[in-house]
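Worksheet for the structure shown next.
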Amino acid sequence: MNDTAPAGTRDAFDSGCPSRTILNHVASRWGTLILTGLLEGPQRFHVIRDRVDGISEKMLSQNLRVLAFDGLVAREVEPSSPPKVTYSLTPLGTELAGHMSSLLGWITLRTDEILAAQERHGEG
């Protein structure tokens, strides 16, 4: 795939497409949970860490850095001692997180059916 092709002609199914990297960032378990968690509004690091159960501080830091690099999360440092850092969604991040929230909602709604299918598959 030609990286200089207009955005509308890029194909995420092509392994060389830049959208693949972005997809890896946002569709990862942590990326999805961080983005949808930030829909609740700006949050400090420890609040996000506590909300996203099971994420280590290292993984949270790495994911926030990547999502900020992608222009989806804004990092605001308040000059104080110690400095207060707040994370929030950018307009682009808010748009994406709305879609991700719908996906999480669907998964939550259909979890019992999916678990039942997994059980049936395991019996076969």
Side-chain angles (χ1 to χ4, degrees):
M1 168 54 76
N2 182 349
D3 286 346
T4 61
T9 62
R10 292 188 174 165
D11 182 0
F13 289 93
D14 183 336
S15 66
C17 184
S19 65
R20 281 273 190 105
T21 301
I22 300 163
L23 180 63
N24 287 337
H25 297 167
V26 301
S28 71
R29 148 179 68 169
W30 302 129
T32 300
L33 293 173
I34 292 166
L35 288 168
T36 55
L38 283 171
L39 274 172
E40 297 170 5
Q43 297 171 35
R44 303 273 309 277
F45 184 91
H46 71 278
V47 173
I48 301 168
R49 182 200 60 214
D50 294 348
R51 175 79 170 107
V52 182
D53 190 34
I55 193 169
S56 69
E57 289 190 4
K58 178 182 177 184
M59 287 306 299
L60 178 55
S61 181
Q62 287 176 353
N63 278 269
L64 286 168
R65 193 175 312 117
V66 165
L67 295 171
F69 178 78
D70 289 341
L72 303 170
V73 170
R75 182 180 187 268
E76 183 179 327
V77 180
E78 183 180 317
S80 60
S81 184
K84 292 182 182 178
V85 180
T86 303
Y87 296 90
S88 60
L89 294 172
T90 64
L92 190 61
T94 300
E95 180 184 352
L96 174 60
H99 295 292
M100 302 301 284
S101 180
S102 295
L103 174 63
L104 282 180
W106 182 89
I107 291 170
T108 301
L109 182 67
R110 299 298 186 197
T111 295
D112 290 342
E113 293 172 65
I114 294 167
L115 292 174
Q118 290 173 350
E119 279 187 40
R120 287 191 304 273
H121 183 73
E123 294 171 2

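Linking Ile, Leu, Val, Met, Phe, Trp and Tyr residues whenever their side-chain heavy atoms come within less than 4.5 Å places V85 and L64 in a single cluster. A continuous path of Ile, Leu, Val, Met, Phe, Trp and Tyr side chains, each step under 4.5 Å between heavy atoms, connects L72 with I55, placing both in one hydrophobic cluster. Cluster membership for F69 and L96, using ILVMFWY side-chain heavy atoms within less than 4.5 angstrom, is not shared. Criterion: ILVMFWY side-chain heavy atoms under 4.5 Å apart, direct or through other members. Under it, L23 and L33 are not part of a common hydrophobic cluster. Under a hydrophobic-cluster definition in which Ile, Leu, Val, Met, Phe, Trp and Tyr are linked whenever side-chain heavy atoms come within less than 4.5 Å, directly or via other members, V66 and F45 are assigned to different clusters.
Smallest separation of non-hydrogen atoms from S28 and N63: OG-OD1, 3.9 Å. Residues W30 and D53 approach most closely at CZ3-O, 3.9 Å, considering heavy atoms.
Between the side chain of T90 and the main chain of G71, a donor-acceptor pair closer than 3.5 Å is present. Q43 places no side-chain N or O within donor-acceptor distance of the main-chain N or O of R51, the cut-off being under 3.5 Å. Counting only distance, with no hydrogens or angles, the side chain of R75 and the backbone of T86 share no donor-acceptor pair below 3.5 Å. A donor-acceptor pair under 3.5 Å is absent between the side-chain atoms of S101 and the main chain of A97, judged by distance alone. Remark: side-chain polar atoms of T32 are paired, donor with acceptor, to backbone N or O of V26 under 3.5 angstrom. Using modelled atom types, no side-chain atom of S61 and backbone atom of E57 make a donor-acceptor pair closer than 3.5 Å.
Partner L38 forms a side chain to side chain contact (heavy atoms under 4.5 Å, CB included) with one of T36, L35, I34 and no other, that one being I34.
To the nearest 0.5 Å, atoms CD1 (I107) and OG (S102) are separated by 11.0 Å. A distance of 12.5 Å separates CG in L104 from CG in L109, rounded to the nearest 0.5 Å. Once rounded to the nearest 0.5 Å, the distance linking CG of L115 with CZ of R120 reads 10.5 Å. Distance check: Y87 OH to E76 CD gives 11.5 Å after rounding to the nearest 0.5 Å.
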I48 and L60: side-chain contact (heavy atoms from CB on, under 4.5 Å), yes or no, with the steps?
CA-CA 8 Å; I48 301 168; L60 178 55; 3.6 Å; yes
